[in-house]
Amino acid sequence: MSNSTQSAARTRINSLLDPSSFVEIGAGVTARSTDFSMSEKKAPSDGVITGYGLIDGNPVYVYSQDASVLKGTVGEMHAKKIVRIYELAIKTGAPVIGLIDCAGLRLEEATDGLNAFGQIYMAQADASGVVPQITGIFGTCGGGMAIVPSMGDFTFMESEKAKLFVNSPNALSGNNESSCDTSAADYQASETGNVDGIGTESEIIVQMRSLVNMLPSNNEDDMSYAETTDDLNRVSADLVNCIEDPSLMLPRISDDGVYFESKPGYGPEMATAFIKLNGYTVGVIANRSAKYAANGTKEEYGKVISARGAKKAAEFVSFCDAFSIPIVTFTNVTGFKAVKCSENNMADAVAKLTYAFANATTPKVNVITGEAFGSAYLTMNSKSIGADLVYAWTDAKIGMMDSLAAAKIMYDGKDGETIKAEAAKYDELQNSVKSAAARGYVDTVIDPSETRKYLIGAFDMLFTKREFRPDKKHGTV
C-alpha cells in the first residue's frame, strides 16, 4: 500500500475543505466479502474516505476514493459508505461532493458489489433536485462509475491523469486511444458536454469551492440573507460593447464581478453561468456570437442556437428551477445553426430547451440585447413561453426575420430600390423594439448601461413569485 497514493484521497479532502473542518464517518469499515482470498487483502476504510466538513463555512458531505486500496474499486461496503453520506446529506440539506479515482466494480464481490453500485444510483436519484451533487474526477472513472457524475449536477476533471468513459477508447470499434482519446478531459469537455471544468488538481479544487459558494445548500434554501457591498444602482457604460461575448458582459453586471461559467467548451455559442445580483445567485443563459481570447483573438460563432448549446442550456434551466435559482436570459439570436451534424439533434434539443423554460416556475427575466428573430427568439425565454418580465436594449430588434430577407420574399421580382425601401418599412413596422413594446411583448425598453439596476429590481419584485400549473405527474418532453 503506497503511502503517497493513500494520502492522495485524504489530501484532496483537506485541500477542498476549510482547515481542520473534516469529520470522518465510517473510518473502521472494511470489506465483508471473503471470496477469492479477499480476507487476506487489506482494505482499510474499504477504499473510500467519507465524512463532512465546511467550504467557506458552508456544510458539505464528501467522499474520496483511495486508489491505493484495491485500486479504489467499488465493493459492497465501499458503496454503503457513499450511500450513507447521501442519506445524511438529504436529511440535513447539504451538497454532496464526490472525489473519484476508481478502477470500477470489484470483481471479487460480483453480485454484492453490483447491487451496491445500484444503491449508489438510487441514492443519487433520491438526492437529485434536493441537494446539489458535484463530482471531481482525479483518476479513472470508467464503466458503471461513469454514470455517477452524469447522475449528479456538475463535474470537473483533472486535465492530465483523469479518464472518464463508459467504454474505453480501445474498446470502440475502429478506434484506439492514440487516434482519439474519448476518455480524456479535453474530449469530455468539448465533445460530450459531460464536464463543467478542467484543469490541474489544485485548479479544479478551486473551481469546486467557488461553485459551492454560488449554490444553495438544498432545494428549500432561498439564500435570502445574502449581502453585497456593491452599488445596486451601478451603471456599466461599456456594456453595449460586450454584446457578443457574455464572459465579458456578465462580470460587469454581477456583484463585484463574480462569474462562474459551466461547460464553456461545449456548445460555446450558448453561455450558461452563475452571477450574483444584490447578493443572490442568478442563473444566466446567454447567446454568444463571438469569443475573445486573452491575447485579443476573436472566434466567431454567429447569432445562432446549436443542438449542443440547446442541450446544455436545457439542463442548466432544469437545475436552476429545481433549486429555485432565478433565471435571466440575454437574447441575441437570429436562427438555428445550419450544419448536418447539428441538424441530426436540433429539433429535439430545441424542444427540450423550450420546454425547460416553459416548465420552469422560478423567476424568469429576458433581456433582449441585439436581434431576436423567429423561433430561435421564442425559445430563449420569450414572454410567450413564460418569461415574467422582458426588457430590451434601445437598439434591439424583435421580429420574424431580418427585414431585408423578409422584403426579398414579399417583393420577389421587384427591383433593388423597391426591396430596400420596403425593408426599411418592415424594419419600422415589424422589427423595431417600439413595435414589440406596443404589442406588449417587451415590458420596458432600457439603456444598456442600466441593465444591472433593472435586473436587481426585477428579481426583488419577483422574490415572492408563486405559480400553479395543470395537475400532472410530469411532462414527457
Side-chain angles (χ1 to χ4, degrees), residues 1-2 5-10 12-13 24-52 61-90 96-128 133-152 155 157-158 161-172 183 188 194:
M1 186 165 57
S2 166
T5 305
Q6 178 192 21
S7 66
R10 194 172 297 276
R12 288 167 188 151
I13 290 178
E24 188 169 357
I25 296 173
V29 173
T30 188
R32 194 166 67 104
S33 174
T34 58
D35 294 344
F36 300 102
S37 304
M38 277 292 293
S39 58
E40 299 174 10
K41 300 176 182 178
K42 293 183 179 180
S45 298
D46 208 42
V48 61
I49 301 168
T50 57
Y52 61 93
Y61 289 86
V62 62
Y63 67 88
S64 182
Q65 293 176 313
D66 190 344
S68 74
V69 178
L70 302 177
K71 299 183 179 179
T73 51
V74 177
E76 176 193 16
M77 302 308 291
H78 181 120
K80 282 187 175 182
K81 289 182 67 175
I82 294 174
V83 170
R84 175 61 176 153
I85 288 300
Y86 268 94
E87 290 171 346
L88 289 169
I90 292 171
V96 177
I97 302 176
L99 309 178
I100 294 179
D101 189 355
C102 170
L105 182 67
R106 191 174 299 163
L107 298 179
E108 293 91 341
E109 298 191 26
T111 51
D112 286 336
L114 191 62
N115 179 70
F117 230 139
Q119 290 175 333
I120 295 177
Y121 299 157
M122 188 65 193
Q124 287 191 279
D126 286 342
S128 183
Q133 300 178 60
I134 302 169
T135 306
I137 303 173
F138 297 90
T140 301
C141 181
M145 199 67 198
I147 310 302
V148 169
S150 290
M151 287 281 285
T155 302
M157 279 186 77
E158 193 276 333
K161 299 177 183 177
K163 300 291 183 182
L164 175 60
F165 58 88
V166 175
N167 296 295
S168 67
N170 295 337
L172 302 177
S183 67
Q188 290 293 325
N194 290 331

> For Ile13 and Tyr63, what are the C-alpha separation, side-chain angles and deciding distance, and is it a side chain to side chain contact (heavy atoms under 4.5 Å, CB included)?
Replying inline: CA-CA 8 Å; Ile13 290 178; Tyr63 67 88; over 6 Å; no

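Inter-residue side-chain proximity for Phe138 and Leu99 is flagged as met; some heavy-atom pair is nearer than 4.5 Å. The closest side-chain heavy-atom distance from Tyr52 to Ile25 is below 4.5 Å. Between Tyr61 and Thr50 the shortest side-chain heavy-atom distance does not fall below 4.5 Å. No side-chain heavy atom of Ser128 sits less than 4.5 Å from a side-chain heavy atom of Met151. Residues Ser183 and Leu164 are not in side-chain contact: their nearest non-hydrogen atoms beyond the backbone lie 4.5 Å or more apart. The shortest distance between side-chain heavy atoms of Met157 and Lys163 does not fall below 4.5 Å. Using a 4.5 Å heavy-atom cutoff, the side chains of Val96 and Gln124 are not in contact.
In this structure, Gln65 and Asp101 approach most closely via the heavy-atom pair OE1-N, 3.1 Å. Taking both residues in full, the closest heavy atoms of Ile137 and Ala162 are given as O-CB, 3.3 Å, listed atom of the first, atom of the second, then distance. In terms of heavy-atom proximity, Val48 sits nearest to Lys81 at O-NZ, 2.7 Å. Among all heavy-atom pairs drawn from Cys102 and Val74, the shortest one is SG-CG2, 3.8 Å. The two atoms that bring Ala9 and Ser64 nearest to each other are O-OG, 2.8 Å, heavy atoms only. When all heavy atoms of Asn194 and Gln188 are compared, the pair lying nearest together is ND2-OE1, 2.9 Å.
Take Leu114 and apply the side chain to side chain contact (heavy atoms under 4.5 Å, CB included) test, not counting sequence neighbours, and it matches Leu105. Checked against ring pair (Phe, Tyr, Trp, His ring centres under 6.0 Å), Phe117 has the following partners two or more places apart in sequence or in another chain: Tyr121.
Ion pairing between a basic and an acidic side chain is recognised when a charged N comes within 4.0 Å of a carboxylate O; Glu24 and Arg10 show such pairing.
In this structure, Lys80 NZ and Ile85 CD1 are separated by 15.5 Å, a value rounded to the nearest 0.5 Å. The CG atom of Leu172 sits 6.0 Å away from the CG atom of Asn167 when rounded to the nearest 0.5 Å.
Partner of Cys141 under the side-chain contact (heavy atoms from CB on, under 4.5 Å) criterion, chosen from Val148, Val166, Ile100: Ile100.
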